[in-house]
Amino acid sequence: MNSAVAFDITRLVTRVLNVTPNGIDRIDFALARHFLAQPGAAGMMATGLGPRVLAGDKARAAVEAIGAHWGEEAEPEDDPGYVRVRAELLGAKGPAQQSASRISHGRSGRILGALHSLAAYGMAIGQSPRTELAPGARYVNVSQFPLWVPAYFRWLEDRPDVRAVFFIHDVLPIEMPEYFREAEYERHRARLANLARFGAGALVTTDVVRQGLDMHLRSLGRMDFPILVAPTPVAAIFAQAPAPDPALQGVPYFVICSTIEPRKNHLMLLQVWRELVRRDGPAAPELVIVGGRGWKFEAVAALLDRSPALRGHVVEVSGLTTPSLKRLLDGARALLMPSFAEGYGLPVVEALTAGVPVVASDIPVFREICGIRATLISPLNGEAWLEAVRALANTERRSPNAAVSAAGPGSWKDYFAQIDAFADAL
């Protein structure tokens with residue numbers, strides 16, 4: 001980039017409370033590393049005194065401390081969550097809820113270690129961006145945090161030379177509020193109102209999101225707001241040759257990777273699995289749910305915790321590292337994504353990049369990012385999902401077609417070049 005950059009690391013620092021990253025975290029982390037590596041880059045953080053600028057070296061050190069805390073370089077065999085999943089798939093069965101990853105002494109210890117690292121790297125309060133940022137700088141916020149608080153961004157009104165770029169992941173809390181916590185509707189309206197007020201441009205991952213965002217910004221009086229559609233690449237590990245776990249060879253299992261919440265449609269999938277067990281008995285395949293329990297999950301929890309039919313056929317785990325997820329996908333019959341709505345669907349792109357079959361909902365965003373590379377089924381058609389799962393369960397995985405696994409978003413180098421050019425041109 002030709003312009004100086006201030007990258008907001010506020011949300012990344014709060015992720016010290018999470019043992020592994022989610023999709024938004026991975027995007028935030030990758031872009032933080034890119035922008036903070038540039039000459040003259042600075043960090044930005046929310047403090048009790050308002051937003052403050054951090055020296056680039058301190059911001060970079062904080063980001064790297066978070067990456068080390070997540071343990072993304074660890075081997076699957078060193079990941080307790082993966083070891084537990086493998087054991088259950090091999091027959092060490094127990095109630096489904098016992099496989100869910102919860103707070104543990106080890107996790108707490110890692111959090112304390114990361115907090116110590118952040119303190120050691122000198123996370124001192126810096127100066128106000130009103131005075132500290134270079135003329136014509138670009139402020140970049142990837143996490144939408146804390147975009148719903150206008151006071152955090154009022155300094156931009158005193159610095160019209162600084163152009164603010166925000167990553168908007170979707171507009172679903174406004175379009176489909178029934179799938180979210182009640183407070184999220186007003187919070188997202190506030191985010192987009194502040195984007196219209198303070199933003200100079202927005203980054204999105206799909207044209208589906210661009211259309212919804214553009215429509216909402218027009219209703220707020222921002223006509224022709226610059227929006228860059230740039231699908232996010234995936235971690236390089238997903239493009240590596242498949243390395244399935246030899247111990248799981250011949251074990252038919254499927255993976256769904258997402259937080260357990262209504263929009264992800266776990267309830268339908270678990271009803272499908274209960275019917276599979278009824279029809280096929282012990283020969284029914286297994287389902288691995290990768291993701292924590294989020295909100296409005298009571299009906300799903302009742303099935304996971306109390307259904308005798310699902311016990312022994314469904315494994316629930318959260319907190320897997322990226323290498324563990326890749327190893328799990330390499331041996332899976334398919335990734336399943338029965339969502340009612342998505343802004344992007346990073347697990348789908350990761351699976352396709354790895355050459356793993358994908359069965360996903362027939363919704364606009366998956367038609368955009370998958371094309372003919374995935375089996376798309378209505379999220380309401382449980383019988384069609386059941387038949388697709390049965391067919392794949394009885395079919396041995398073949399080596400991925402190189403042309404298929406290579407398809408999808410471009411390289412990180414091209415992605416960063418797109419974003420740099422977009423931000424410079426604002």
For this session: With side-chain contact (heavy atoms from CB on, under 4.5 Å) as the test, would you mind laying out the steps for Val315 and Tyr253 before giving the verdict?
Result: CA-CA 10 Å; Val315 181; Tyr253 68 90; over 6 Å; no
For this session: Assess whether side-chain contact (heavy atoms from CB on, under 4.5 Å) is satisfied between Ser143 and Asp8, documenting all intermediate values.
Result: CA-CA 8 Å; Ser143 65; Asp8 202 303; 5.9 Å; no
Exercise. Trp385 and Met268: side-chain contact (heavy atoms from CB on, under 4.5 Å), yes or no, with the steps?
Worked result: CA-CA 9 Å; Trp385 279 85; Met268 181 277 292; 3.7 Å; yes
Problem set entry | Phe238 vs Val349, side-chain contact (heavy atoms from CB on, under 4.5 Å): CA-CA, chis, key distance, verdict | CA-CA 9 Å; Phe238 291 100; Val349 183; over 6 Å; no
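Counting heavy atoms from C-beta outward, Thr205 and Phe167 have side chains that approach closer than 4.5 Å. Side-chain contact between Ile419 and Leu31: present, with at least one pair of heavy atoms (C-beta onward) separated by less than 4.5 Å. By the 4.5 Å heavy-atom criterion applied to side chains, Leu335 and Cys257 are counted as neighbours. You'll find the side chain of Tyr82 stays beyond 4.5 Å of the side chain of Leu325, heavy atoms only. Put simply, the side chain of Arg26 reaches to within 4.5 Å of the side chain of Glu350, judged on heavy atoms. Residues His313 and Leu287 form no side-chain contact, since every pair of their non-hydrogen atoms from C-beta on lies 4.5 Å or further apart. Side-chain contact between Arg373 and Val358 is absent, with no heavy atoms from C-beta onward closer than 4.5 Å. A heavy-atom distance below 4.5 Å is found between the side chains of Pro285 and Val389.
Sorted pairs that involve residues 412-424 and meet salt bridge (charged side-chain N to carboxylate O under 4.0 Å, His left out), not counting sequence neighbours, are lacking altogether. For residues 13-32, the ring-ring contact (aromatic ring centres under 6.0 Å, His included) pairs, not counting sequence neighbours, are Phe29-Trp70. Sorted by first and then second residue, the pairs that involve residues 334-346 and meet salt bridge (charged side-chain N to carboxylate O under 4.0 Å, His left out), not counting sequence neighbours, are Arg263-Glu342, Lys264-Glu342. Applying the side-chain hydrogen bond (donor to acceptor under 3.5 Å, both in side chains) test to residues at least two apart or on different chains, none of the pairs has a partner in residues 169-179.
Asp79 places no side-chain N or O within donor-acceptor distance of the main-chain N or O of Leu320, the cut-off being under 3.5 Å. Here the side chain of Arg52 pairs no donor or acceptor atom with the backbone of Gly48 at under 3.5 angstrom. Between the Ser128 side chain and the Arg130 main chain, a donor and an acceptor come within less than 3.5 Å of each other. A donor-acceptor pair under 3.5 Å is absent between the side-chain atoms of Arg11 and the main chain of Ile24, judged by distance alone. Side chain of Asp207 to backbone of Arg210: no donor-acceptor contact under 3.5 angstrom is found. The main-chain N or O of Gly291 is never found under 3.5 Å from a side-chain atom of Ser318 such that the two would form a donor-acceptor pair. Checked by atom type and distance alone, the side chain of Arg274 never pairs as donor or acceptor with a backbone atom of Leu269 at under 3.5 Å. A donor-acceptor contact shorter than 3.5 Å links the side chain of Lys296 to the backbone of Phe180. Between the side chain of Asn265 and the backbone N or O of Ser339 there is no donor-acceptor pair closer than 3.5 Å.
Scored by the salt bridge (charged side-chain N to carboxylate O under 4.0 Å, His left out) test, Arg138 finds no partners at all (sequence neighbours excluded). With sequence neighbours excluded, the residues that form a ring-ring contact (aromatic ring centres under 6.0 Å, His included) with Trp273 are Phe254. For Ala151, the side chain to side chain contact (heavy atoms under 4.5 Å, CB included) partners at least two apart in sequence or on another chain are Val149, Arg154. For Ala384, the side chain to side chain contact (heavy atoms under 4.5 Å, CB included) partners at least two apart in sequence or on another chain are Ile377, Asn381. Under the salt bridge (charged side-chain N to carboxylate O under 4.0 Å, His left out) criterion, Glu182 pairs with no residue at all, not counting sequence neighbours. Considering only residues two or more places apart in sequence or on other chains, Asp245 meets the salt bridge (charged side-chain N to carboxylate O under 4.0 Å, His left out) condition with Arg86.
How far CG of Asp280 is from CG of Asn394: 7.5 Å, rounded to the nearest 0.5 Å. Atom CG of Leu270 and atom CD1 of Ile260 lie 8.0 Å apart (nearest 0.5 Å). Note: Arg311 CZ to Leu304 CG = 10.5 Å, rounded to the nearest 0.5 Å.
Annotation: Trp148 is in aromatic contact with Phe145 [ring centroid separation under 6.0 Å].
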Side-chain atoms of residues 190-204: list all donor-acceptor pairs with protein atoms under 3.5 Å, sequence neighbours left out, distances to 0.1 Å.
unit_1 : atom_1 : unit_2 : atom_2 : d
Arg191 : NH1    : Glu184 : OE2    : 2.7
Arg191 : NH1    : His188 : ND1    : 2.8
Arg191 : NH2    : Glu184 : OE2    : 3.3
Asn194 : ND2    : Leu147 : O      : 2.6
Asn194 : ND2    : Ala190 : O      : 3.2
Arg197 : NE     : Glu157 : OE2    : 3.1
Arg197 : NH2    : Glu157 : OE2    : 3.0

Donor-acceptor pairs under 3.5 angstrom involving side-chain atoms of residues 224-231: please list them, not counting sequence neighbours.
none

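Residue Pro129 comes nearest to Pro51 through the heavy atom pair CD-O, 3.2 Å, listed as atom of the first residue, atom of the second, then distance. Scanning all heavy atoms of the two residues, the minimum distance from Ala134 to Arg159 falls at O-NH2, 3.3 Å. Across His266 and Ser258, no two heavy atoms sit closer than the pair CE1-OG, 3.2 Å. Here the shortest heavy-atom pairing between Ile9 and Ala62 reads CD1-CB, 4.2 Å. Of all heavy-atom pairs between Gly345 and Ile369, the closest is O-CD1, 4.1 Å. Across every non-hydrogen atom of Val83 and Pro76, the tightest pair is CG2-O, 4.2 Å.
Here the options are Thr232, Val209, Val208, the test is side-chain contact (heavy atoms from CB on, under 4.5 Å), and the partner is Tyr344; only Thr232 passes. For the side-chain contact (heavy atoms from CB on, under 4.5 Å) with Phe7, the lone residue among Val63, Asp28, Asn141, Leu54 that qualifies is Asp28. The residue from Glu261, Glu316, Glu298 that alone fulfils the salt bridge (Lys or Arg N to Asp or Glu O under 4.0 Å) condition with Arg293 is Glu316.
Using cut-offs of 30° and 60° for the angle between ring planes, the Phe153 and Phe166 rings count as perpendicular.
Residues Ser324 and Thr321 have side chains that bring a donor and an acceptor to within less than 3.5 angstrom of each other.
Looking at Arg279 and Glu275, a side-chain N of the basic residue comes within less than 4.0 Å of a carboxylate O on the acidic one, giving a salt bridge.
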